[in-house]
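Data first, discussion second: the structure below is written as structure tokens.
Here is the naming used below: chain letters follow the sequence lines, and residue numbers restart at 1 for every chain. This structure is a prediction, so every number in the text was calculated from the model and none was measured.
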Number of protein chains: 2
Amino acid sequence: MNENGVAAAYGGGPLPDAGMAGPVLAYSSIRAWIVEGRLRPGERLIEARIAAELKLSRTPVREAVRMLAADGLVVTERNRGAVVRSLGRQDVLDLYELRARLESYAAELAASRAAAGDIAAIDDGIRDFGRAIRRRDLDHLERTRLIGEANRRVHAAIIAASGHARLAHLLSSAVDAPLVFEALHEFTNNELARSNLFHQLIRDTIAKGEPVRAAQLMHEHIMQGRDRILRSLDA
Amino acid sequence: MNENGVAAAYGGGPLPDAGMAGPVLAYSSIRAWIVEGRLRPGERLIEARIAAELKLSRTPVREAVRMLAADGLVVTERNRGAVVRSLGRQDVLDLYELRARLESYAAELAASRAAAGDIAAIDDGIRDFGRAIRRRDLDHLERTRLIGEANRRVHAAIIAASGHARLAHLLSSAVDAPLVFEALHEFTNNELARSNLFHQLIRDTIAKGEPVRAAQLMHEHIMQGRDRILRSLDA
DNA sequence: GATCTCCGGATTGTGTGCAATATGTGTCCA
DNA sequence: TGGACACATATTGCACACAATCCGGAGATC
């Protein structure tokens, strides 16, 4: 596996339940609310209300809101608090192009640097992704959540395998997640199977140490996600 | 000029003086201390001490420290506070490669998107950079500070011209600054003149709308900075 | 002599109060 | 009727107090 916190990065981390510390609990909860659409773009985040709901004081909530602002998930204005960021078509285009460049760079590095343990971690994610898309016993939201979590782990494992701590940090905090979730929500079964295929292709090129192919596949994979988003945005 | 906050990004912004609000003052001050080396890598940031020095309470200082942590300038551990991040040789290599990729992307976009006002802003920065490197009436630190500020403005103007808000945010918060400052500190006059030349070349390719050349020149420009850093790191 | 335990100081984490600021609403006047 | 002003309310910004936690050292024990 790789150095310090690299593996922990990417996405909001595990589900917002367990006995987490205050700010972390608040951060994960709010992030999940935004990612899953319970908080819509443009909606205000009111510290006191959130604090009451999570049974915390305003202090840790405040901290969490600021972290989300640093991530770019919400925008804040002095004395006016935070609102969920809303994204126009151009923003989506820009965001996905950026994510494609960063993650294909991560895949490129992973292909040069990955150790056996890194590959194993990617495989775990891919296995869970495959299982999740075959689940028929869950409602749509719950299944999407499961798929999203597995998808997150696949990408996180690849990024961790890159061994580039700062890149991992950037991708974890700055790159969208609401969009990814929304995209998955709309995926047909064919599209999910295609994602699964690309995960495997990327995994293989990384394992074989072929940086250029890994990068190209990752770029394409993310562009497919972008196109899916744009299609549902237009509808 | 470009949309919303894009132009304001990159680096810590203006010098930490004027009548700024609490957290912003704290953020800028601490950032400057780190960038200019008054706080060395590995050193602890003690909230109470900083609050006393800036005549604030711990609350805004705490917020500023968390912002710096989000930027990756300091690392925090629960119940143990924040210490200035220290970078090994590999970190420097990774960081500069990342910065080169992001900023050359910015230059590429700028070459496609820049408006007349954007070019004018770049020109302003270049003019000040040229003036700063010719100054002989200042001590070394003060001159470096001036050069650094002008350099920051050149790069910020190019990034603003890219019109990519998220990219600007990433570059402003995530990419180093202590390294840039340190690099400038060690630059010979020849090297400063070369930087100035590259700024102009990049500016011209952007103005003429040649994305590929702009990106390549920016990549090279940043790699030159990286090599300078590595040389002084080895000494 | 080495290691373990416990204690005290230092520092961060969290809760809460009050002041500063923005927003919405009603009223008055043209 | 429409607009401007003033006030009431909602919300954030900052300060401070107290609780939780960590770290280093002194002393005890083997």
Nearest listed nucleotide, side chain of [X], among [options]:
X	options	answer
A:Leu56	D:dC14, C:dG15, D:dG13	C:dG15
A:Arg44	D:dG13, D:dC22, D:dT12	D:dT12
A:Ser57	C:dT14, D:dC14, C:dG13	C:dT14
B:Pro60	C:dT14, D:dA15, C:dT12	D:dA15

Interatomic distance, [X] [atom1] vs [N] [atom2] [rounded to whole Å]:
X	N	atom1	atom2	result
A:Arg49	D:dT12	CZ	C1'	13 Å
A:Glu77	C:dT23	CD	C1'	13 Å
A:Tyr27	C:dG13	OH	P	17 Å
A:Arg62	C:dG15	CZ	P	14 Å
A:Arg66	C:dT14	CZ	P	16 Å
B:Glu47	D:dC14	CD	C1'	14 Å
B:Asn79	C:dT12	CG	C1'	6 Å
B:Ile46	C:dG13	CD1	P	13 Å

Check the pair B:Leu68 / B:Thr76 against side-chain contact (heavy atoms from CB on, under 4.5 Å), numbers first and verdict last. CA-CA 10 Å; B:Leu68 292 164; B:Thr76 62; over 6 Å; no

When all nucleic acid strands are considered with a 4.0 Å heavy-atom cut-off, which category describes B:Arg78: base, sugar-phosphate, or nothing? sugar-phosphate

Within 45 degrees of the ring normal and closer than 6.0 Å to the centroid, is that where the cationic atom of B:Arg153 sits relative to B:Phe129?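 Pair B:Arg153/B:Phe129 does not count as cation-pi.
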
Can you tell me if the side-chain N/O atoms of B:Thr59 get under 4.0 Å from OP1 or OP2 in D:dC14? no

Quick one: is C:dG17 close enough that its OP1 or OP2 comes under 4.0 Å of any side-chain N or O from A:Arg58? no

Is there a donor on the side chain of B:Arg80 or the base of C:dG13 sitting less than 3.5 Å from an acceptor on the other?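 Result: no qualifying N/O pair found.
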
Quick check on A:Arg40: does its CZ atom have over 12 non-hydrogen neighbours (other residues, nucleotides or ligands) under 6.0 Å away?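 Result for CZ/A:Arg40: open.
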
Answer yes or no: is there a side-chain heavy-atom contact under 4.5 Å between A:Arg66 and B:Met67? no

Report the relative orientation of the aromatic rings in B:His155 and B:His199; use parallel for angles under 30°, tilted for 30 to 60°, perpendicular for over 60°. perpendicular

